[in-house]
Participant: 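I'd like to ask you about the structure that follows.
A, B, ... follow the sequence lines: proteins, then strands. Residue 1 opens every chain.
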Amino acid sequence: MSELSADPPNSRLFILCGKTVTDEELHEAFDKYGHIKDIWIVKDRNTMESKGVVYIKFSKSSEAALAQEEMNGKTLAAGGKPIKVMIAHSREQGSRFDDDPERLLRLFILVPKAASEEQLEEYFKKFGDLDYVSIVKNKTSGESKGVAYVKYHRAYHAAKAYEECSRSYKAVFARPREQKNQSSIDSNDRMGFSAPYNGPPGGGSGGRWGAGSGMLSSGSGSPASGGRLIALLHSSLRDEQIYRLFDICPGLVDIRPQANRIYGMQKVLVDYNCHAAAVHACEKLNGFEYPPNYRISVKPYGSSMDEMSDGGGASGGLLGHAPVKPEVNGSSGMTTISNTELATLTAALAKAETIIKTAGLGTQAPTSGLLKASEADTFDQTYCSVRLPPPQPLAAPTDEETFRLFIVCQPGLPSMYALRDIFGRFGNLIEVYTLHGKNCGYVTYATKESSDNAIKTLHLQEVCGMRMKVMVAEPPRPGVTRSDRKRMRTDEEDRASSS
DNA sequence: CGACGGGACGC
DNA sequence: CGACGGGACGC
């Protein structure tokens with residue numbers, strides 16, 4: 001059956017050897033590399049003579065890989081010709097002229113969105129010398145797509161990684177790169193409107209959006225069908241981080257850096273495909289402290305600061321403008337911005353905040369005097385109601401047991417950024433992911449200590465204005481995923497259930 | 001109350 | 001230059 005010969009992938013050898021080679025000689029030469037499931041000496045139908053072609057099926061890819069590496073070019077019997085040993089292609093594929101040399105070396109894996117290539121290298125180098133680890137990123141934003149390629153120098157190492165890396169990576173051998181024939185899909189998501197807006201009222205995703213819409217409409221010169229914000233952030237923030245911040249809600253269309261940097265701050269223009277999204281982002285991000293001690297300033301584009309923005313020059317509502325590649329528009333007023341702008345901005349922000357608060361919009365509980373931003377040192381109660389440890393490095397998915405928390409927030413979830421930062425501060429955080437359209441999610445740690453500490457300090461605290469419950473997660477329902485089913489040993493299950 | 005995702009590379 | 005058998009579906 002064709003399925004069996006491809007089960008584990010790359011576990012079958014294709015061998016060219018003398019026509020007199022015997023089963024015994026093959027066993028003698030190849031048994032040492034692992035468990036042989038089948039040896040097939042291909043014979044001519046009529047003469048029944050060997051054609052000098054042999055298939056050897058191993059139970060594991062790594063066994064076949066090692067056998068290939070060590071036995072290729074060796075001679076089996078005295079006086080015989082050197083044999084050629086290759087990893088067989090699939091039956092369907094058969095002999096190929098364009099043999100992709102990467103097909104045995106490159107794995108495709110799922111990775112946490114926040115994982116770094118360095119982190120993954122650190123993990124995957126335990127299986128052998130790496131060529132590279134490459135996270136697939138959104139080209140314009142730099143945001144990880146949650147997948148990566150891992151390439152080794154030796155097929156044996158790739159196979160070991162395939163077999164032994166943590167199951168959460170869901171490693172497979174990478175499909176060959178697509179050849180260069182597709183001329184122009186040229187997927188010009190010009191308007192970026194392809195991103196569905198799950199947002200406000202109809203979507204059943206809760207009310208935290210609904211009340212907001214319109215609150216900034218007065219005095220905002222943003223386009224009628226979208227929403228444009230202008231933001232000041234600390235210069236240390238990379239594009240990817242900025243993208244993550246503003247990706248707080250669906251509908252993000254474009255982020256364009258503005259040329260002028262002011263006192264260690266950078267300015268970006270941010271477009272959403274609808275007004276409510278922009279309003280929401282503004283509401284959530286303005287005043288957010290990141291990095292610690294540096295508050296982000298966000299306000300609707302179109303009031304007193306417009307003239308400062310060089311890129312979009314003609315201030316006012318460019319409706320449905322085409323996104324521009326991030327590029328520095330260096331020529332114009334580079335250094336002329338000063339305290340004046342900051343003061344203007346701060347004032348505008350203060351005003352906007354007052355408007356928001358006095359309007360009584362939003363679903364938060366009435367903001368009491370507790371939330372005064374009289375910060376001694378870095379403690380910002382509007383970010384988190386309890387004092388947090390300093391940021392810690394993330395952990396890669398491990399081979400050991402992981403510890404998972406279940407979190408629920410009312411009235412909604414804080415941004416992904418905030419969640420990662422906050423839960424990351426207890427150390428050994430692997431991942432946080434949230435359920436689509438729900439106010440809950442899962443947080444995975446590599447150690448019980450970190451997990452326990454997160455519960456202790458965060459349970460029933462307020463994060464970004466949301467009350468959060470943090471508890472140990474129930475284990476996932478068994479037998480729902482394909483991979484689980486694939487790996488299930490039915491005989492063991494049966495034995496267990498019958499006793 | 002509040003429970004289980006994500007998947008492809010500038011040749 | 002070098003690519004695909006044998007066995008066989010239900011106790």
Participant: At under 4.0 Å between heavy atoms, what does A:L110 touch on the DNA or RNA strands: base, sugar-phosphate, or nothing?
Facilitator: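 If one applies the 4.0 Å heavy-atom cut-off, A:L110 turns out to touch a base.
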
Participant: Is the distance from the ring center of A:F108 to that of A:Y149 below 6.0 Å?
Facilitator: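 Yes, the ring of A:F108 comes within the 6.0 Å limit of the ring of A:Y149, centre to centre.
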
Participant: Please state how far atom CG in A:D99 lies from atom P in C:dA3, giving the value in whole angstrom units.
Facilitator: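 After rounding, the gap between these two atoms is 14 Å.
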
Participant: With respect to A:Y442, which candidate in A:F403, A:F423, A:Y433 satisfies the ring-ring contact (aromatic ring centres under 6.0 Å, His included) definition?
Facilitator: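 Exactly one option meets the ring-ring contact (aromatic ring centres under 6.0 Å, His included) with A:Y442, and it is A:Y433.
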
Participant: Rounded to whole Å, please give me the gap between CZ in A:R106 and P in B:dG7.
Facilitator: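 In whole Å, B:dG7 P lies 18 Å from A:R106 CZ.
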
Participant: Check side-chain hydrogen bond (donor to acceptor under 3.5 Å, both in side chains) between A:D399 and all other residues, then give those that pass, not counting sequence neighbours.
Facilitator: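 Residues passing side-chain hydrogen bond (donor to acceptor under 3.5 Å, both in side chains) with A:D399: A:Y123, A:K126.
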
Participant: In terms of base orientation, is B:dC9 syn or anti, with the syn window spanning 90° either side of 0?
Facilitator: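 Anti conformation here, the glycosidic angle of B:dC9 being more than 90° from 0.
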
Participant: Hey, is the main chain of A:L130 close enough, under 3.5 Å, to the side chain of A:H153 for a donor-acceptor pair?
Facilitator: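 Between the backbone of A:L130 and the side chain of A:H153 there is a qualifying donor-acceptor contact (under 3.5 Å).
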
Participant: Which nucleotide sits closest to the side chain of A:K139: C:dG2, B:dC4, B:dG10?
Facilitator: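 Taking heavy atoms from C-beta onward, the closest nucleotide is B:dG10.
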
Participant: Just call it for A:S144: base, sugar-phosphate, or nothing, with non-hydrogen atoms closer than 4.0 Å on any strand.
Facilitator: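 Answer is nothing: A:S144 stays at 4.0 Å or more from every strand.
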
Participant: Verify the contact: side-chain N or O of A:Q93 to OP1 or OP2 of C:dC4, cut-off strictly under 4.0 Å; return yes or no.
Facilitator: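 Checking A:Q93 against C:dC4: no side-chain N or O falls below 4.0 Å of OP1 or OP2.
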
Participant: Would you indicate which nucleotide in B:dC4, B:dG6, B:dG2 comes nearest to any side-chain atom of A:Y442?
Facilitator: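 Nearest to the side chain of A:Y442 among the choices is B:dC4.
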
Participant: Among the nucleotides B:dG2, C:dG2, B:dG6, which one has an atom lying closest to any side-chain atom of A:E431?
Facilitator: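 The nucleotide sitting nearest to the side chain is B:dG6.
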
Participant: With hydrogens left out and only the distance checked, is there a donor-acceptor pair under 3.5 Å joining A:K170's side chain and the base of B:dG6?
Facilitator: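 Answer is yes: a donor-acceptor pair is held.
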
Participant: Identify whether any heavy atom of A:R12 sits under 4.0 Å from a base atom; if not, whether one sits that close to sugar-phosphate; answer base, sugar-phosphate or nothing.
Facilitator: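 Base contact.
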
Participant: The side chain of A:K438 lies closest to which of these nucleotides: C:dG2, B:dA3, B:dG6?
Facilitator: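 Nearest nucleotide to the side chain: B:dA3.
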
Participant: Report the nucleotide, chosen from B:dA3, B:dA8, C:dC4, that has the shortest atom-to-atom distance to any side-chain atom of A:A473.
Facilitator: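 Nearest to the side-chain atoms of A:A473, counting from C-beta on, is B:dA3.
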
Participant: So, A:S385 and A:Q461: side-chain donor and acceptor under 3.5 Å apart, yes or no?
Facilitator: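 Checked: A:S385/A:Q461 side chains pair up, N/O donor to acceptor below 3.5 Å.
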
Participant: Can you check the A:I15 CD1 to C:dC4 P distance for me, whole Å?
Facilitator: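 Between P of C:dC4 and CD1 of A:I15: 16 Å.
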
Participant: Mapping A:C440 and A:F108 to their closest nucleotides on DNA chain B, which lands nearer the 5' end?
Facilitator: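 Comparing both residues, the 5'-ward one is A:C440.
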
Participant: Heavy-atom nearest nucleotide on DNA chain B for A:Y433 versus A:P176: which residue maps closer to 5'?
Facilitator: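 Closest to the 5' end, via its nearest nucleotide, is A:Y433.
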
Participant: Starting at CG of A:L413 and ending at C1' of B:dG2, how long is that distance when rounded to a whole Å?
Facilitator: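 Value for this atom pair: 11 Å.
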
Participant: Just checking A:G94: base, sugar-phosphate only, or nothing, at a heavy-atom cut-off of under 4.0 Å?
Facilitator: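 A:G94: base contact, heavy atoms under 4.0 Å.
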
Participant: Looking only at N and O atoms, is any donor in the side chain of A:R96 or the base of C:dG2 less than 3.5 Å from an acceptor on the other one?
Facilitator: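 For A:R96, whose side chain was compared with the base of C:dG2, there is no donor-acceptor pair (under 3.5 Å).
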
Participant: Specify the residues of residues 38-76 of chain A, ordered by number, for which at least one heavy atom lies under 4.0 angstrom from an atom of DNA chain B.
Facilitator: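 Heavy-atom cutoff 4.0 Å gives no residues at all.
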
Participant: Hey, is the side chain of A:K469 poking within less than 4.0 Å of OP1 or OP2 on B:dC1, counting only N and O atoms?
Facilitator: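 Answer is no, no contact under 4.0 Å.
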
Participant: Rounded to the nearest angstrom, tell me the gap between atom CD1 in A:I407 and atom C1' in B:dG2.
Facilitator: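 That distance rounds to 11 Å.
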
Participant: NA contact type, A:M471, heavy-atom cut-off 4.0 Å: base, sugar-phosphate, or nothing?
Facilitator: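 Base, at least one base atom sits under 4.0 Å.
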
Participant: Start with the C-alpha distance between A:Y162 and A:F173, add both sets of side-chain angles, then the distance that settles ring-ring contact (aromatic ring centres under 6.0 Å, His included), and finish with yes or no.
Facilitator: CA-CA 7 Å; A:Y162 168 75; A:F173 285 93; 4.9 Å; yes

Participant: Could you tell me whether the side chain of A:Y152 and the main chain of A:F124 form a donor-acceptor pair under 3.5 Å?
Facilitator: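 Such a contact is found between A:Y152 side chain and A:F124 backbone.
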
Participant: Is a side-chain N or O of A:S61 found less than 3.5 angstrom from the main chain of A:P9, in a donor-acceptor match?
Facilitator: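 Here the side-chain-to-backbone pair exists.
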
